[in-house]
Q: 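Structure provided below as structure tokens; questions to follow.
FYI, side chains are in, hydrogens and waters are out, and symmetry mates aren't considered; it's all heavy atoms of this structure. Order of the sequence lines sets the chain letters (A, B, ...), proteins ahead of strands, with each chain counted from 1.
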Amino acid sequence: MPWPSRKRSQASAEDKKKPETKQAKHESHEEEEEEESMPSAAESSKPAKKSSGWAVKKEASSDGQGSKQVYGHWLLKSEPESRFEKGADVKFGIEDLKAEPNQTACWDGIRNYQARNFLRDMKLGQEAFFYHSNCKDPGIVGIVKIVKEFYPDHTQFDKKDPHYDSSSNKEKPKWSMVDVQFVRMTKRFIPLSELKAHHLAHTESGGPLKNMLLFSRHRLSIQPLTKEEFEFILSLEEEKPR
DNA sequence: GCCAACGTTGGC
DNA sequence: GCCAACGTTGGC
């Protein structure tokens with residue numbers, strides 16, 4: 001992912017910590033990509049951006065504006081197993097998040113415009129599923145919440161960080177991050193295989209997971225979830241594992 | 001380790 | 001703006 005997963009640590013804004021994360025690269029665009037795709041609820045408090053579009057859906061609002069769809073929930077991918085990127089271990093599983101001060105970490109290292117734009121749409125208090133990727137048992141393991149809306153990702157300026165971006169500058173940071181705090185583990189591990197089975201069934205039946213981005217945007221490490229998707233997945237917690 | 005999907009780069 | 005080459009993600 002952005003890919004993907006990312007991770008990093010620490011807490012808030014105050015400290016800057018270091019990097020870890022994964023993702024990488026940079027891109028080129030100009031940055032202006034601020035668009036986001038989804039609209040979130042209100043707007044961000046910070047910069048505002050416009051949206052552009054990608055994929056997310058939008059619905060017409062009744063009033064005629066197309067409002068874009070507002071996402072209130074998210075899925076964040078992170079890798080729970082060690083993997084080295086430019087000499088740094090990008091491992092950051094949910095246990096690592098729980099071990100951070102205040103069980104809070106900054107989600108740094110996102111170097112994909114689409115993921116970054118979603119990140120910028122995240123609002124304080126919104127919840128996200130914590131998804132373990134690129135590991136033996138991929139799937140949802142817990143729930144986190146946004147405790148600080150987007151601000152510059154300090155790892156883009158750190159030459160020693162695997163996600164250093166020489167094309168960015170402090171006057172106009174290209175990449176952002178948010179802080180997330182652990183909320184709870186899901187009542188049980190919800191494996192990718194199970195989500196996929198529902199996705200396939202819903203594709204036929206028109207169920208809630210038929211458009212889940214996990215299955216169409218493989219490489220997106222930060223994905224918005226509709227309320228229906230989030231609630232359906234939560235309902236799986238109560239079921240027996242299949 | 002393989003490989004499919006897909007995003008990015010860069011020539012033209 | 002098109003598109004081929006290339007790089008990355010991430011499941012298996």
Q: Quickly work out the Arg111(A) CZ to dT8(C) C1' distance and round it to whole Å.
A: 15 Å
Q: In terms of side-chain heavy atoms of Arg219(A), which of dT8(C), dT8(B), dC12(C) is nearest?
A: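 Given the options dT8(C), dT8(B), dC12(C), the side chain of Arg219(A) is closest to dT8(C).
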Q: Between P on dT8(C) and CD1 on Ile110(A), what's the gap in Å once rounded to a whole number?
A: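 Interatomic distance, CD1 of Ile110(A) to P of dT8(C): 16 Å.
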Q: Excluding sequence neighbours, so at least two apart, what forms side-chain contact (heavy atoms from CB on, under 4.5 Å) with Asp137(A)?
A: Phe189(A)
Q: Any side-chain N or O of Arg217(A) under 4.0 Å from OP1/OP2 of dT9(C)?
A: no
Q: Can a salt bridge be assigned to the pair Glu81(A) and Arg83(A) using a cut-off of 4.0 Å between side-chain N and carboxylate O?
A: no
Q: Go through the structure and list residues passing side-chain hydrogen bond (donor to acceptor under 3.5 Å, both in side chains) with Gln103(A), not counting sequence neighbours.
A: none
Q: I want to check one thing: is the phosphate of dG11(C), taken as OP1 and OP2, less than 4.0 Å away from some side-chain N or O of Tyr131(A)?
A: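 It does, given that an N or O in the side chain of Tyr131(A) lies less than 4.0 Å from OP1 or OP2 of dG11(C).
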Q: What does Lys196(A) touch in the nucleic acid at a heavy-atom separation under 4.0 angstrom: a base, only the sugar-phosphate, or nothing?
A: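 Contact class for Lys196(A): sugar-phosphate only.
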Q: May I have the distance from Leu220(A) (atom CG) to dT8(C) (atom P), rounded to whole angstrom?
A: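 Result: 17 Å.
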Q: May I have the distance from His218(A) (atom NE2) to dC12(C) (atom P), rounded to whole angstrom?
A: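 It is 8 Å, rounded to the nearest whole Å.
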Q: Take atom CD1 of Ile222(A) and atom P of dT9(C), then tell me their distance rounded to the nearest Å.
A: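 In whole Å, dT9(C) P lies 13 Å from Ile222(A) CD1.
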Q: Would you please indicate yes or no on a ring centroid separation below 6.0 angstrom for Phe130(A) and Trp107(A)?
A: yes
Q: Determine the contact category for Ser193(A): base if any of its heavy atoms lies under 4.0 Å from a base atom, sugar-phosphate if only primed atoms, P, OP1 or OP2 are that close, otherwise nothing.
A: nothing
Q: Let me know the distance between CD of Glu85(A) and C1' of dG7(C), rounded to the nearest Å.
A: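 Those two atoms, CD and C1', are 12 Å apart.
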Q: CD of Glu81(A) versus C1' of dC12(C): gap in Å, rounded?
A: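 Taking atom C1' of dC12(C) as the reference, CD of Glu81(A) is at 13 Å.
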Q: Tell me the interatomic distance from Leu214(A), atom CG, to dA4(B), atom P, rounded to whole angstroms.
A: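 Rounded to the whole Å, the gap is 20 Å.
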Q: Can you find a side chain N or O atom of Lys77(A) that sits less than 4.0 Å from OP1 or OP2 on dG11(C)?
A: no
Q: For Glu204(A), does the CD atom have more than 12 heavy-atom neighbours from other residues, nucleotides or ligands under 6.0 Å away?
A: no
